[in-house]
Amino acid sequence: MKVIKKEDLENFVDELIANNEKEVVGVKSKDSKYVFDKLENAEELELDYDVTILPPKKYFMPQRETLVEYETREGIEMEAVNEVVPRIIIGIHPYDLEAIKQMDKVFADSPEDDNYLEKREKSVLIGVNMKQISEWSFAGSMGTATIEDGYDLMLTDLGDRYAVEIGTSKGRELLERESLEMRDAEPEEVEEVENIEENIQNGFEKELDFSPQNLPWLLAENYGDEDFWEENAEDCYSCGTCNIVCPTCYCFDVQDFSDISLEEGERMRQWDGCMLEAFAEVAGGENFREERAERYRHRYMRKGRYLYNRFGDIACVGCGRCSSQCVPDIADPTDIFNKLWSDKDE
Amino acid sequence: MSEDVDIDVEYLTRVEGHGNIEVNARNGKIEKCEWQVVEAPRFFESLVVDRDWTELHHVTSRICGICSIGHTLASLKATEDAMDIDVSEQDKKLRKLALHGENMQSHVLHVGYLALPDLMDSKSVVPLTETHEEEVKTVIRLHRLANEMSDVITGRTTHPQRLIPGGFSKIPTENELMELKNKLEGSFNDLTAVANLLNDLESKIPAFERETEYISLTHEDEFALYDGDICSSDTGRTPVEEYLEITNEYTVPQSTAKYTKNNRESYMVGALARLNNNYGQLSPMAKDIAEKFDFDPLVCNPFMNTIAQVVEVVHSVEDSIRLIEELLDEGLEEQEEYNSPDIEPKAGRGIGAVEVPRGILFHDYTYDKDGKCTEANCVIPTNQNHGNIQLDMEKMVPDIISKPEEEVEKQLSMLVRAYDPCISCSTHDLNIKFID
Amino acid sequence: MNKKDSPYLPENATILSVEKMAEREKLFEIELDSGEQLGHDPGQFVEVSVPGVGEAPISISSSPTKEGNSFELCIRKVGNVTNVIHNLKEGDKIGIRGPYGEGFPVEELRGHDVIFIAGGLGIAPLRSLINYSLDNREEFEDIKILYGCRKPCELLYEDEVEEWRDMNNIDYRETVDECPDDVCWEGNVGVITTLIPGIDIDLDNSYTVVCGPPIMYRFVLQELKEKKVPDERIYLSLERRMKCGVGKCGHCQINGEKEELYVCQDGPVFNYDNIKDFEEAL
Amino acid sequence: MKPEERPKAAFFDFAGCEGDQLQVANLEEKILDLLNIVELVSFREVMTEHSDDYDVAFIEGSITDSHAEERLKEIRNNADIVVAIGACATIGGINSIRNAQDFEKVQERVYGDEREHYEAWEKAKPAKAVVDVDYEVHGCPIDREEFLHVVQSIVMGREPNIPDYPVCVECKLNENVCAFERDEFCVGPVTRAGCDSCCVNEGTICWGCRGMIDNPNEEAHEEVLEEYGLTAEEVMKKFDLYFTWQKEAREDE
Ligand SMILES: Cc1cc2nc3c(=O)[nH]c(=O)nc-3n(C[C@H](O)[C@H](O)[C@H](O)COP(=O)(O)OP(=O)(O)OC[C@H]3O[C@@H](n4cnc5c(N)ncnc54)[C@H](O)[C@@H]3O)c2cc1C
Ligand code: SF4
Ligand code: SF4
Ligand code: SF4
């Protein structure tokens with residue numbers, strides 16, 4: 001573990017920006033909220049934030065990206081496209097790092113999705129331990145409040161200094177520059193970081209009343225409880241907000257957009273959401289999840305069960321984005337999961 | 001020489017909104033000579049009743065797509081007047097930029113797409129895209145520049161989003177303003193090209209004159225568009241609060257629209273009126289261009305309105321550059337994202353006047369204590385011009401009635417187009433009447 | 001980036017011929033421009049691309065045993081991509097990705113009786129396996145084909161059906177839901193389930209393979225149950241919305257009590273026993 | 001995918017602000033490209049030429065009297081494809097505010113004693129209330145790119161992608177701070193997306209100009225607005241800025 005003074009970290013970030021080798025993005029404030037965005041200077045960086053509106057997945061799987069370019073003047077010509085911008089991403093909280101680990105598995109699964117993987121590979125992830133905890137977050141319960149790996153560098157705020165944990169050689173290389181003033185951490189500082197991490201565990205207002213390991217069977221057991229799902233989904237707008245803001249959601253739609261000549265264009269993918277009404281609709285109008293409640297249930301099933309069966313992870317990292325941004329306030333996983341848990345005893 | 005003339009122009013083309021021209025003559029005697037407005041009524045002054053003060057500008061912007069920035073600003077000024085809401089100097093400058101953008105956009109559209117075809121003996125701009133590609137592209141470039149300006153300042157080219165009571169929901173960045181300034185500075189070649197093109201066509205502009213009263217805003221410090229008093233070329237200055245003394249709406253039996261009059265039977269508003277009243281305050285290059293056309297106020301040829309628009313476009317470009325420079329020199333004061341000024345609604349009446357491309361525009365609202373609108377009145381420039389169009393026609397027809405019917409029709413159409421009427425926004429049209 | 005790197009990049013292919021089969025269905029014979037064989041198993045599908053319009057998953061309707069390098073797709077005109085495909089002619093270019101998915105378990109079926117039950121367009125994927133088994137007739141025991149559609153004019157693959165009717169080493173039966181008075185039809189009239197009671201099923205030695213619209217599954221499965229056909233001896237092919245075909249886009253996932261399935265990767269062919277508890281499957 | 005012949009296109013305007021036609025003019029250089037894929041045969045606002053021989057008719061504005069109704073029916077007869085452009089033509093737009101007002105009063109407020117002169121319907125109607133409409137380009141004003149997309153799709157013979165999900169989707173993709181988190185009120189949750197949440201991006205709220213999605217959860221949204229502190233009357237006002245015609249049409253069903 002290394003230690004760096006706050007002002008030196010600022011200089012370091014400014015240098016990275018000036019260096020221009022990779023785009024430097026970090027957490028910035030937007031109105032009363034926070035977003036990951038391109039940094040113009042280190043001063044804009046807000047490492048003391050609660051949660052960002054969108055997770056950093058947008059850098060590996062952009063809201064909209066071109067997969068294929070085509071041209072149809074004579075016959076067809078198609079070319080795969082991957083617009084990769086190498087980036088240094090500063091200020092990722094542990095739950096988002098965990099989510100990125102999960103996404104890595106999804107896109108590395110055969111057949112590999114290079115549009116994601118290459119962007120991911122060309123990025124450097126600098127994590128930061130939480131100082132503020134979102135009132136909606138329950139990362140403590142999901143085991144994602146702190147993290148052992150998945151970052152290239154990990155920062156912890158020690159007042160006037162940051163402790164820097166080096167996670168990978170990519171991270172180490174980034175630090176290898178002469179101008180950077182950094183020293184090895186004292187044993188007390190290592191202990192301080194441990195204490196801080198321990199304290200974070202206790203800072204959550206929202207909690208799951210049980211271990212998330214129970215989710216797969218709990219959800220399976222309640223799959224058929226239609227009344228329950230209907231009751232809870234009654235106010236759902238089918239607006240997909242809970243999908244879009246989620247760091248572990250990755251469903252997408254693909255559409256073609258021709259330019260005005262009609263002879264060339266792009267095939268693009270855009271984030272989609274299983275809560276949207278047409279998500280499972282096929283030609284002829286048959287919709288395999290026509291009811292709000294079916295779609296609502298599907299999201300929870302996917303978070304707590306299906307993706308676990310497929311990739312071995314509970315696909316909710318407890319960031320609380322879905323619940324904090326759902327306008328009718330019905331998307332809180334702890335609320336639903338806890339209700340199921342307490343009902344099971346009845 | 002035609003003794004009998006029957007002209008029925010149903011839905012005059014290349015104007016905004018629906019209007020008809022009807023002229024009948026028997027044995028050389030004029031029996032009927034009318035400019036009729038047949039736009040379906042849209043009842044704006046009722047639509048806003050009971051609505052919240054935060055929504056009025058959104059609703060009244062829809063009076064007219066082309067002057068939507070102007071309507072929004074007149075609306076905001078009326079609301080701000082009613083509730084004593086302050087607007088910062090910076091926001092006022094930005095609003096002036098917005099108005100310039102709209103002025104340029106609308107004038108370029110009118111001159112380039114609607115009026116030029118007449119002067120070039122073409123039925124529309126479409127054939128010109130092939131015969132005069134360069135000229136058309138010049139016009140398009142200027143039009144796009146004007147739209148980019150509206151985009152940068154107000155968020156959109158039509159029906160602005162950022163203009164809200166008390167200021168702006170979002171303001172442009174300094175970089176965006178800088179870029180805009182560079183583009184404006186880069187447009188002088190195109191402006192000169194358009195001016196020269198019209199100069200070459202000057203002989204095609206009919207030499208028609210009729211003594212007319214011209215009404216516009218006027219202001220000591222600047223060529224008035226956003227602020228000022230009402231000014232008549234006949235009767236001098238009147239404060240905006242007394243606008244009803246000026247507009248005097250009345251109905252006439254042979255017409256479908258309400259007319260307005262002040263000192264004479266009718267008056268004219270618009271670019272020509274502004275130039276006539278405020279000529280001395282034009283920017284330097286605008287003045288140069290006006291001189292090329294021997295512009296010497298008072299100019300009483302309504303066809304010169306098109307030329308006045310060209311002059312105003314140049315003025316708007318120059319004045320915008322000046323405004324942006326001022327803003328950048330002072331440094332933009334940052335404001336919150338999703339800005340929404342802290343305003344307590346209150347009861348009262350407010351009047352807002354701005355110069356929009358087609359002339360002076362008034363919005364007049366009364367609010368109750370919760371900020372619900374109880375009464376509204378909007379007097380639109382085109383309405384103010386209808387009477388003048390009619391009187392111009394009456395003077396012109398006897399002079400030209402001996403020409404071939406087609407020629408008469410073309411001249412009359414050109415006359416109406418010169419006013420650049422914006423009929424769809426005429427909120428006070430009466431008695432729809434169709435030609436059988 | 002070359003093709004291998006992007007699972008989303010189609011290969012160029014040429015339409016060799018187009019045959020109108022019924023009012024809404026056409027049969028397209030297609031060859032990859034690379035000259036290579038598609039290399040599919042019966043029951044697999046491809047993503048067909050029309051640049052500017054999009055992609056649609058379509059089952060491969062020809063058998064891998066078909067001569068030459070081309071393959072066949074039977075496409076019903078129902079929406080965006082399929083409408084535009086219907087306007088294409090011989091020589092036109094399209095894009096192909098695939099083959100994708102799990103096809104029919106040919107190894108498992110080999111040496112057994114096979115009963116094919118096809119409703120409407122369901123014959124398209126089944127034909128791939130039917131022709132495969134007819135081309136390797138000696139490897140299979142009894143073959144029965146039950147084929148039903150709404151009206152005689154909707155019957156697909158007329159020439160081949162004509163041959164099936166005459167073949168004496170298979171048992172071919174057909175039905176239409178209704179037959180207009182002015183049409184000559186010698187087959188059965190009634191829904192496809194009416195054919196099932198009349199056939200003998202050797203429960204220990206036969207497999208049933210079903211493909212058709214969702215509503216047909218419900219009734220056919222009911223009928224097979226009455227015949228005591230074990231669930232694990234039934235295979236069926238499902239259709240879902242798909243955007244990628246490779247297990248990423250999430251659209252084709254179906255939910256059940258026990259687990260989840262991706263139609264594009266785990267299917268489209270499923271063993272009935274594995275999906276019968278899936279509320280969303282049928 | 002380019003067809004051999006350019007379809008003939010014509011524009012027609014009814015009661016509206018002509019902002020949508022202006023948006024077409026605002027395509028700037030792209031108009032020249034547009035002319036490569038369609039042949040413009042009638043566009044009163046910019047051309048004097050006119051022909052009744054057209055394949056695609058674009059309709060702007062609401063239908064507010066029987067003369068307009070007749071005219072629109074004639075257009076429908078002439079055209080193979082009718083496209084309504086802009087909120088006035090797709091959902092009645094701002095004009096339909098008056099559909100919820102007392103018509104006597106509406107007339108009196110604007111024309112006082114002279115209101116009798118009118119032949120205007122009590123209610124403003126969108127094009128589809130009078131004739132069959134094949135496609136709609138939503139918005140007040142229309143989005144230029146979406147307009148182009150619809151024209152392109154018609155020319156290519158494919159269906160345009162017009163979303164049937166709420167504006168919130170795009171608003172989130174654009175990473176906006178939700179109006180509800182800034183003590184403002186928004187009808188984005190029931191409004192059809194496709195505008196790229198342009199109003200919220202510019203710092204305001206979604207006003208609803210693209211109309212409601214096909215299956216909005218109106219009840220939930222009304223409840224939510226009340227929970228956030230609006231009175232029932234204020235909630236209604238949020239919905240009757242743009243949705244009056246749609247709401248009535250749904251109730252009639
Ligand atoms: C495994 C599989 C095999 C199929 N085999 C055949 C076949 O052999 N012949 C045939 O005619 N049809 C087949 N279909 C159905 C065919 O894919 C749809 O009819 C087609 O996608 C409709 O697309 P469209 O663009 O014409 O219609 P639209 O309604 O315009 O569809 C738009 C988009 O929705 C999605 N979509 C809509 N309907 C379906 C659907 N039923 N299945 C999957 N995605 C859909 C697609 O992504 C499509 O791009 C198959 C479907 C699947 C899943
Ligand atoms: S749960 Fe909430 S955020 Fe999710 S779709 Fe429903 S209303 Fe939208
Ligand atoms: S489900 Fe909600 S809390 Fe869980 S990871 Fe997704 S957005 Fe965060
Ligand atoms: S601001 Fe409006 S459109 Fe955007 S997310 Fe919130 S409710 Fe939806």
Side-chain angles (χ1 to χ4, degrees), chain A residues 67-72 74-82 106-107 109-116 118 220-221 223-224 249-258 262-265 267 269 272-274 278-284 286-289 294 297-298 301-302 305-307 309-310, chain C residues 1-14 33 47 49-56 76-82 91-95 100 213-215 238-262 265 277 279-281:
Chain A
L67 297 178
V68 172
E69 276 172 5
Y70 55 80
E71 204 237 88
T72 56
E74 276 164 45
I76 298 180
E77 264 183 57
M78 288 185 271
E79 203 184 325
V81 176
N82 191 5
V106 171
F107 287 100
D109 193 34
S110 174
E112 292 184 0
D113 183 313
D114 259 0
N115 282 69
Y116 174 95
E118 206 179 320
E221 205 158 79
Y223 180 86
C249 273
Y250 57 86
C251 293
F252 59 84
D253 187 25
V254 180
Q255 289 179 359
D256 285 10
F257 294 91
S258 294
L262 305 185
E263 293 177 324
E264 52 189 279
R267 177 161 293 164
R269 80 160 147 211
D272 205 340
C274 60
F279 187 82
E281 190 178 288
V282 300
E286 174 105 27
N287 188 339
F288 293 96
R289 274 189 293 277
E294 289 170 339
R297 173 179 67 184
H298 178 72
M301 291 292 155
R302 204 154 151 109
R305 193 176 143 224
Y306 304 142
L307 290 178
N309 289 342
R310 195 156 170 216
Chain C
M1 202 198 256
N2 62 36
K3 184 220 159 202
K4 221 174 113 265
D5 287 324
S6 175
Y8 308 114
L9 180 67
E11 272 186 77
N12 282 3
T14 305
D33 288 357
E47 284 281 351
S49 270
V50 184
V53 186
E55 289 189 307
R76 174 178 285 176
K77 182 175 163 158
V78 289
N80 227 351
V81 179
T82 50
D92 283 344
K93 300 282 180 186
I94 52 170
Y100 290 133
I215 177 89
L238 298 183
E239 181 187 323
R240 278 300 177 281
R241 188 187 187 95
M242 271 176 206
K243 281 297 177 178
C244 70
V246 293
K248 303 268 190 276
C249 79
H251 283 271
C252 72
Q253 188 212 307
I254 50 179
N255 302 326
E257 296 271 355
K258 284 198 215 126
E259 55 174 340
E260 89 288 2
L261 293 168
Y262 273 70
Q265 288 193 315
D277 297 330
E279 187 192 320
E280 291 179 356

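Naming: A, B, ... by sequence-line order, numbering from 1 per chain.
- Between A/R267 and C/P10, some side-chain heavy-atom pair lies under the 4.5 Å cut-off.
- Going from atom CD of C/Q253 over to atom SG of A/C274 covers 8.5 Å, rounded to the nearest 0.5 Å.
- Between C/S6 and A/E79, every side-chain heavy-atom pair lies at or beyond the 4.5 Å cut-off.
- Heavy atoms of A/R310 lying under 4.5 Å from chain C belong to its backbone as well as its side chain.
- In terms of heavy-atom proximity, A/D256 sits nearest to C/V53 at OD2-N, 3.3 Å.
- Here the shortest heavy-atom pairing between C/L9 and A/A80 reads CD1-N, 3.5 Å.
- Both cation-pi conditions hold for C/R240 and A/F288: the charged atom is under 6.0 angstrom from the six-membered ring centre and inside a 45 degree cone around its axis.
- Remark: A/I76 CD1 to C/S49 OG distance equals 7.5 Å, nearest 0.5 Å.
- C/K93 NZ to A/E77 CD: the interatomic distance, rounded to the nearest 0.5 Å, is 11.0 Å.
- Nearest heavy atoms, A/P111 versus C/Q265: CD-NE2, 4.0 Å.
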Derivation and outcome, side-chain contact (heavy atoms from CB on, under 4.5 Å), residues A/Y116 and C/K248: CA-CA 11 Å; A/Y116 174 95; C/K248 303 268 190 276; over 6 Å; no
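- Between A/F279 and C/H251, the angle of the ring planes stays under 30°, which puts this pair in the parallel group of the 30/60° scheme.
- For C/G52 against A/S258, the heavy-atom pair with the smallest separation is CA-OG, 3.4 Å.
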